[in-house]
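Residue numbering restarts at 1 for every chain, and letters A, B, ... go by the order of the sequence lines. What you are looking at is a predicted structure, and each value in this text was computed from that prediction instead of being measured.
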Amino acid sequence: MGPNEVAAALKKAFPSDVMEIKEFQAQVGITIKKDRVKEILRYLHDSPGMEFQYLSDLCGVDYLGKREPRFEVVYHLYSMKNKTAIRIKALVPESELAIDSVVDVWSGANWRERECFDMFGITFNNHPDLRRLLMPDDWDGFPLCKDYPLQSDLKEREWKGYKETIETAERNKVHGVRS
Amino acid sequence: MMLEKELKTKYLSVSMGPQHPATHGVLRLMLDLDGETVVKCTPHIGYLHRGMEKMGENMTYPMAMALVNRLDYVAGVSNEIGFCLAAEKLLNIEVPERAQYIRTMTAEMARICSHIIWLATHAIDIGAMTVFLYSMRDREALLDLFDMLCGARLLHIYPRIGGVRCDVSKEFLEGLWNFTERFPKLIEEYETLIDQNRIWLQRTKGIGVISPEQAINMGLTGPTLRGSGISYDIRKVAPYDAYDKVEFDVPLGKNCDTYDRYRCRMEEFRQSNRIIRQCIEKLPEGPILAADAPGLDMSPGPLKKPAPASAEGVPVVSSPSATPAFDEIYVATEVPKGELGYYLVGDGTGKPYRMRIRTPSFVHIAALQKLCEGVLVADVIALIGTIDIVLGECDR
């Protein structure tokens, strides 16, 4: 079953959820509504003939001011049986920043969903352990959003951990400890 | 009697890392111990988080090359090739055949380098010192060859979008050929040291068993997956560069344990050696860079696309649309540690709109949590070694 056939079968099985099918450089991307994302992905994982048992990647994309709804959660699936790769994109609006977790389907999704939460602030419903992953626990803001600056002087909004380090360095200077 | 009732069993929490020789970088594991047995393992990562994805989105495609080789710094050139392939597919650039062969050759050199580091550190963690000295000696020869090729030993920035930076010299090819003549003997040397070593066998056989279903579900890739007997190698299933023009086998494990993963990687040494020899033999003549490859001074502004010619031969200038069309591409390559995927979203400018890097180490460390449950503390060390991680790649 090639990617185009998978897309057609998915459109047939979930006619009201599949929004758009786009092909570029022989890679097929299917845009879906987020409400039944888990059901759709479970269908792709389980149904005979498809068997997308392998989750290559899961990530978020922020289309601030370029597209509506603003966020997308992108799943890259691979079927070892058919040697087919497919991309599923679930639309997540800014007003309702949550999507169902797929950890039950692929346990490998666990950390990647955490990372997506860490970087974009998208909540994953029913996730077993949704905490910050790469950033410190007390970090403020979501770095990969397009309205988050690449470089800036945060002054008093600076991260607590960094402020503490600077203060310690200042204190050590008084005692003549070389930094 | 009363006293015993009052006493309670409490798990001992031990923080392993972030500064620990066996964690291969800055990985911290919180281990809850019941005696010698691990009840719960919680990995903490992010100590090496440099915001590579964010930085990549603010750079032009050629500039990001100097960024991505800092992912897996023991096999820098593999990361660069993966990024080049993704950018080439997005910008629609055809790579000349000679460059494809050179890339394949260097990628396999990087694979040998990376596997040597893995073997050396894995062996030293488990307690075999000599292998470390022997294998690091041989890695030096390869690093010298890289130096000869492009003037850098670790962070090469050798491939370019559309080809490679400079051509290979005759001396380099001779040096590499001599190395491949020598290398099979050296692999045997490592094997005589540990293959039948009783301590090595006891510490690896039957340790860290990952069932095939579990491995797929967790998303493991590379030799870590193939040790569980699943034949999934991107070089075979979706060949890139010159991998469809060379012959090689994909070694598989049977017992899904640490020892089989060790055997897989040892066989990969031989296969890489084979690929390099074929590349040198078959290396075609021709250009090394595509004519339409973007220069290093690529503009971050909108890309010039060849406008469709009108009937009179005057190109039609299409008005820029208000909403840019986004092109997306996901390209996976087989790096020494597993599947390295780049997901690029292009908006028609010289910078990627979104650059996502899917790294094998990240997925493998996520799996560590499950693998460590119920094993002995000493085996945690073996497990970290066997999944072959680099923290630069994990934290990005």
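- Ranking A:D62, A:D118, A:D129 against chain B, the residue ahead of the rest is A:D62, based on heavy-atom pairs under 4.5 Å.
- Counting heavy-atom pairs under 4.5 Å between each of B:G341, B:C394, B:A366 and chain A puts B:A366 at the top.
- Nearest heavy-atom pair, A:V103 versus A:E113, reported as atom, atom and distance to 0.1 Å: CG2-OE1, 3.4 Å.
- Neither the backbone nor the side chain of B:I357 comes within less than 4.5 Å of any heavy atom in chain A.
- A donor-acceptor contact closer than 3.5 angstrom is absent between the side chains of A:S101 and A:N126.
- B:R28 and B:S15 are linked by a side-chain donor-acceptor pair at a separation below 3.5 angstrom, with hydrogens and angles left out of the test.
- In terms of heavy-atom pairs under 4.5 Å with chain B, the best-connected choice from A:K83, A:H45, A:K22, A:R112 is A:R112.
- Comparing B:D395, B:I329, B:V237 by heavy-atom pairs within less than 4.5 Å of chain A, the highest count is held by B:I329.
- At a threshold of 4.0 Å, the pair A:D17-A:K33 does not count as salt-bridged, since none of the basic side-chain nitrogens sits closer than that to a carboxylate oxygen.
- Using a 4.5 Å heavy-atom cut-off against chain A, the contacting residues of residues 227-235 of chain B are B:I230, B:Y232.
- The most heavy-atom pairs under 4.5 Å with chain A, out of B:Q369, B:R396, B:Q214, come from B:R396.
- Using cut-offs of 30° and 60° on the angle between ring planes, the pair A:Y63 and B:Y353 is parallel.
- The candidate with the highest count of non-hydrogen atom pairs below 4.5 Å against chain B, out of A:W106, A:W111, A:F24, A:Y78, is A:W111.
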Notebook entry, point to check: Where do A:R70 and A:D147 land on the salt bridge (charged side-chain N to carboxylate O under 4.0 Å, His left out) test, with the steps shown first?
Noted result: CA-CA 12 Å; A:R70 183 178 161 184; A:D147 51 3; 3.4 Å; yes
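- For chain B, the option among A:M80, A:H76, A:Q53 with the highest count of heavy-atom pairs below 4.5 Å is A:H76.
- Residues A:D100 and A:N125 bring a donor and an acceptor atom of their side chains to less than 3.5 Å of each other.
- No other option in A:L58, A:L55, A:V74 has as many heavy-atom pairs under 4.5 Å with chain B as A:V74.
- With chain B as the partner, the residue from A:S56, A:G29, A:P143, A:A109 showing the most heavy-atom pairs under 4.5 Å is A:S56.
- With a threshold of 4.5 angstrom between heavy atoms, A:R132 does not approach chain B through any atom at all.
- For B:E393 and B:T359, the side-chain atoms include no donor-acceptor pair closer than 3.5 Å.
- Under the 6.0 Å cut-off for aromatic ring centres, A:F120 and A:F117 do not qualify, their centroids lying 6.0 Å or more apart.
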Check: salt bridge (charged side-chain N to carboxylate O under 4.0 Å, His left out) between B:E328 and B:R356: does it pass, once the steps are laid out?
Finding: CA-CA 11 Å; B:E328 296 152 74; B:R356 155 80 184 167; over 6 Å; no
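- Cation-pi geometry between A:K81 and A:Y54 is not met: the NZ or CZ atom fails to fall both under 6.0 Å from the ring centre and inside 45° of the normal.
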